[in-house]
Amino acid sequence: MKLPVSCLAALFLSAGACAGTVIYTDSAHPVVDNPGPEVTVILLDAPDRLQAQLFGTLPADPAQAELQARSVISSAPFQQHQQDLAAAYAGLTHAWSLGLEKYPAVVFDDRWVVYGTTDASVAMQQLNAWKEKAQ
């Protein structure tokens, strides 16, 4: 499916906006505690979940699926959720551009990655311990 041009523009304009502390996870690995307003949470399965919510199950027949998809795309609810979909893809694209190998992962300043936790404070402790050991 082609994304409208406005979705693509939002995707690329926001791709570099994830610096700071970012937790990359999915719905199966919920975030531990409230990470606070300074931490961004990116759900990597958000695009699939949002598309499933918006489009439902498309018919197996390609022509019918196209008609259903076009109907959804031209609807008012889709227009309202278009920015949500673009933002979800922007987060996924940014994770990909960072080269994340697995999730959950906590990324600090697009430079330091701690895998295996959704707890930003635990990840910070692990990162600091690693930095101290490396010195």
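Fair warning: this is a prediction, and the values are worked out from it, not measured in the lab. Just so you know, these numbers use all the heavy atoms, side chains as well, and skip hydrogens, waters and symmetry mates.
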Asks: Is there a path of hydrophobic side-chain contacts, each under 4.5 Å between heavy atoms of I/L/V/M/F/W/Y residues, joining L92 to W96?
Replies: no
Asks: At what distance, to the nearest 0.5 angstrom, does OG1 of T40 lie from CD1 of I23?
Replies: 9.0 Å
Asks: Once the angle between the rings of H29 and Y103 is folded into 0 to 90°, is it parallel (under 30°), tilted (30 to 60°) or perpendicular (over 60°)?
Replies: perpendicular
Asks: Check for me, please, whether V122 and Y24 land in the same ILVMFWY cluster - side-chain distances under 4.5 Å, paths through other members count.
Replies: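 No, separate clusters.
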Asks: Is it true that a side-chain atom of N34 and a backbone atom of G36 form a donor plus acceptor pair closer than 3.5 Å?
Replies: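 It does hold such a pair.
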Asks: To check you understand the geometry: which heavy-atom pair defines the closest contact between Y89 and Q51, and what is its length?
Replies: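 Minimum heavy-atom separation between Y89 and Q51: OH-NE2, 2.7 Å.
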Asks: Give a yes or no on whether the backbone of I73 and the side-chain of Q79 come within a donor-acceptor separation of less than 3.5 Å.
Replies: yes
Asks: Quick one, M124 with V106, criterion side-chain contact (heavy atoms from CB on, under 4.5 Å). Give me CA distance, side-chain angles, the key distance, then yes/no.
Replies: CA-CA 9 Å; M124 179 59 80; V106 180; over 6 Å; no
Asks: Does any N or O in the side chain of E38 come within less than 3.5 Å of the main-chain N or O of T21, such that one atom is a donor and the other an acceptor?
Replies: no
Asks: Could you see if L127 belongs to whatever hydrophobic cluster contains V113? Use Ile, Leu, Val, Met, Phe, Trp, Tyr and a side-chain cutoff under 4.5 Å.
Replies: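 No, L127 and V113 fall in different hydrophobic clusters.
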Asks: With distance as the sole test, does D119 use its side chain to make a donor-acceptor pair with the main-chain N or O of V32 at under 3.5 Å?
Replies: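 The answer is no, because no donor-acceptor pair under 3.5 Å joins these two groups.
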Asks: May I ask whether V39 and L44 are part of the same hydrophobic cluster, defined by side-chain heavy atoms of I, L, V, M, F, W, Y residues being less than 4.5 angstrom apart, directly or through others?
Replies: no
Asks: Quick one: do V107 and L43 end up in the same hydrophobic cluster if we chain Ile, Leu, Val, Met, Phe, Trp and Tyr together by side-chain heavy atoms under 4.5 Å apart?
Replies: no
Asks: Quick one: does any side-chain atom of D109 pair with a main-chain N or O of R111 as donor and acceptor, under 3.5 Å?
Replies: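 Answer holds: no.
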